[in-house]
Number of protein chains: 2
Amino acid sequence: MIKCVKCGQVEGIMKAGYVRGKQRFLCKPCNYYFTIQEKDVSAAVQQKRRRHQTTIIDIAKTLGVSNSTVSRALHGHADISPETRQAVLDTAALLDYQPNQLAYNLVKSRTNTIGMIVPEFHNPFFPNVIIGAHEVLTKAGYNLTIMQSNESYQVEISNTKAMLANRVDGLLISLTQETNNFDHLEVFEKRGIPLILFNRVCEQIDVPKVVVNDFESAFMAVEHLLLNGYEKVAHLGGPLNLLVSRERLRGYKAAMEKYGKSIEDHMVIQGMLTQQKARIYGQYLLDLAERPDAIFAVNDSAAIEIMLMAREKGIRIPEDLGVVGFSDNPESAYIGPGLTTIRQPTMEMGQATAEWILELVDTEEIPVHERKILKTELIVRGSSVRER
Amino acid sequence: MIKCVKCGQVEGIMKAGYVRGKQRFLCKPCNYYFTIQEKDVSAAVQQKRRRHQTTIIDIAKTLGVSNSTVSRALHGHADISPETRQAVLDTAALLDYQPNQLAYNLVKSRTNTIGMIVPEFHNPFFPNVIIGAHEVLTKAGYNLTIMQSNESYQVEISNTKAMLANRVDGLLISLTQETNNFDHLEVFEKRGIPLILFNRVCEQIDVPKVVVNDFESAFMAVEHLLLNGYEKVAHLGGPLNLLVSRERLRGYKAAMEKYGKSIEDHMVIQGMLTQQKARIYGQYLLDLAERPDAIFAVNDSAAIEIMLMAREKGIRIPEDLGVVGFSDNPESAYIGPGLTTIRQPTMEMGQATAEWILELVDTEEIPVHERKILKTELIVRGSSVRER
DNA sequence: TTGTACGCGTTATCAG
DNA sequence: CTGATAACGCGTACAA
């Protein structure tokens, strides 16, 4: 039974919330609030409460100082006597104090966390970007929270909401192929949360963007094929609602036109290139009556799929068919013959994006909405070079 | 200029903290605190402050109800009249209310976030584990925060501290090769935070572990070589402070013994296999007077490095040298000849680990400290099969 | 140099 | 069904 510590009565005692993990009681008769030692509280009541983790207040109490003093000591603020400071630090260690970042975040309204939303994980591209970004952010004392939209606009929206709810200090995002509306991103501008688009960017909103020079890269790739004597170059492209796909298509066309090649409609296929789709499209291209003598694919997986199919059909690479991919996946170096491809600076893209967001997070100024364009590199291997 | 709303003076006005995102002032002469409409505040003052984000209290105010009512309505709690509920929802949408997860986390002492610490990102192994874990956790409504210890014990410690400070609901960790002390992990047990070790586990602490059957896998790999007529099998192993390395070494030895082969000291090299180290060790093995006729490497990158070196030296694979790797990296399928290797179920490992931690997070019970062992698969390709 | 008193945004308990 | 208010843990402006 609980007795009022003031009037000693047992009747008229009621629970009245919790104080620092301990049950608080109210003595109705004498209108007095009090808490009592934990061992006096019934086990049931006690157990419902989570184990109390030592806080700044515990340190203050055991030391007989105020919590602000403890806070200042812990953060090395000025105007603290060395003795109290040391005493605080000692008891903090003694009590195994671990700061509660959650409380810190709440009061500071910032989380030291950068959010990153990527559409997929299956190509090595995004993992590599993550490596780069992670490295930079970690060095700067930031955490990185990664979400994956799985190429779904709806998931992307819920991801951005979660990022907002979690109060990330900045957001790095690469859009899904379905994303055509950008209201969910404009919220960030309104909230003053820096936002950077990378790789899968769009033109419709005016925010910082980090990309590679897709147009020039595609141009370079196709020009390379044409200079190696291939005549009928087909293009296996990505979905056209992605700017990267449109840019690469534009590069393909520009190169073809420069060298006076006509662009046949049936030699250009655009779409989401799952492995299955790559096979279907490849089948179609390789079985055409007027078969292309070269294929520029929008990514390496598709290009390799083409190479494997060609091998099955007895089409020789590079003699009968030249192939160029995009991204320089690890396997492209090892397949025989090696796959000529465009190397993207993936880790650099992650680093650049991360460095940029850190600048934006720190400045109060409205960011300049420029666009950072990273350079790619044509890696020539056996799949596209033949004796003329 | 700011005027005191009471005495109208301009002199002696000073800033005195913030009230709900609005600057609060103190009129020194009449000792009166006040805030004023945002539009009256000078632009400079206003801009320094982040824009006030609409909270539950704003909704309550505009609706003339209490914040508890709003909270209940938002969460679909019982005992709410449909009208108030709808009204709350409407104004929430109107004011573009976004819940503050930070505050929620603080009061609930849980974050709906699982932490994951991995030693490195450069092999596709950990990214793949992440894919699997991410998928499961996302479906369950959890976030995943990833940190990277970069094979450094010190970084691992600071990572675990950060995880603790951020109050993750559970932790998945794969140890660095330097980790020999486990105090930083025992803290989690004390705090009641579930912890699972995966892949890079240790024997010293008693927590749930998820691994593959390294011993049997290595045994299988070496037995495969011996059955294919190779006689002098060398082993290029990982650092011996990792249990996985020791287990694989044990498997190698067991297979050799089973087939009556002696284990030569100079045919076994253990160490951290960076690309450079792999080359150095490979050079040594391939230049031995009594050169091994097969090599079982602890990972695919090292195995491939060996293959490239052999090619340079004119050593034919698989005729003069059999090679088996471990992990089945993508490139292993495409190199010529294909690399025989042990496929690890990486995504499954991520999934299994994530599913397990979800169970542990939800139960109050002390977890059973079992060990989950996932099965690997021997993938036979050209690098280890020769005509006898 | 230190203590006091809020505020951060939310949930939960208890009283009406 | 609704309102008041303590609590979560910490930072900090101001007073002492």
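Each chain gets a letter, A, B and so on, in the order the sequences are listed, and its residues count up from 1. Bear in mind the structure is a predicted one, so any value in this text is a computation, not a measurement.
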Separation of atom [atom1] in [X] from atom [atom2] in [N], rounded to whole Å:
X	N	atom1	atom2	value
B/Ile57	C/dC8	CD1	P	7 Å
B/Ile56	C/dC8	CD1	P	14 Å
B/Gln86	D/dC1	CD	P	15 Å
A/Leu63	C/dG3	CG	C1'	14 Å
A/Leu164	C/dG9	CG	P	14 Å
B/His75	C/dA12	NE2	P	8 Å
A/Ile59	C/dT2	CD1	C1'	16 Å
A/Gln53	D/dC10	CD	P	10 Å

So, does the side chain of [X] form a donor-acceptor pair with the base of [N] at under 3.5 Å?
X	N	answer
B/Ser71	C/dA12	no
B/Arg72	D/dG3	yes
A/Ser68	C/dT4	yes

How about A/His134 and A/Tyr142: are their ring centres within less than 6.0 Å of each other?
-> no
By salt bridge (Lys or Arg N to Asp or Glu O under 4.0 Å) - contacts of A/Asp90 (at least two apart) = none
When you check the phosphate oxygens OP1 and OP2 of [N], does a side-chain N or O of [X] lie under 4.0 Å from one of them?
X	N	result
A/Thr69	C/dT2	no
A/Thr55	D/dC8	no
A/Lys108	D/dT12	yes

Can you sort out which residues in residues 98-106 of chain A have a heavy atom within less than 4.0 Å of DNA chain D? Ascending by number, please.
-> A/Pro99, A/Asn100, A/Ala103, A/Tyr104
For A/Tyr97 and for B/Ser66, find the nucleotide of DNA chain D with the closest heavy atom, then tell me which residue's nucleotide is more 5'.
-> B/Ser66
Assert: residue with more 5' nearest nucleotide on DNA chain D, out of B/Val107 and B/Asn67, is B/Asn67
I would like to know whether B/Ser68 and B/Ser71 meet side chain to side chain donor-acceptor pair (under 3.5 Å); could you show each step before the answer?
-> CA-CA 5 Å; B/Ser68 18; B/Ser71 173; over 6 Å; no
Candidate nucleotides D/dG3, C/dT2, D/dT2, ranked by approach to the side chain of B/Ser81 - the nearest | D/dT2
So does B/Lys139 pair up with B/Glu135, basic N to acidic O under 4.0 Å?
-> yes
Should B/Lys190 and B/Asp183 count as an ion pair when the cut-off is N to O under 4.0 Å?
-> no
Do A/Leu175 and A/Leu185 come within less than 4.5 Å of each other through their side chains, counting heavy atoms only?
-> yes
Minimum side-chain heavy-atom gap B/Ile357-B/Val361 below 4.5 Å | yes
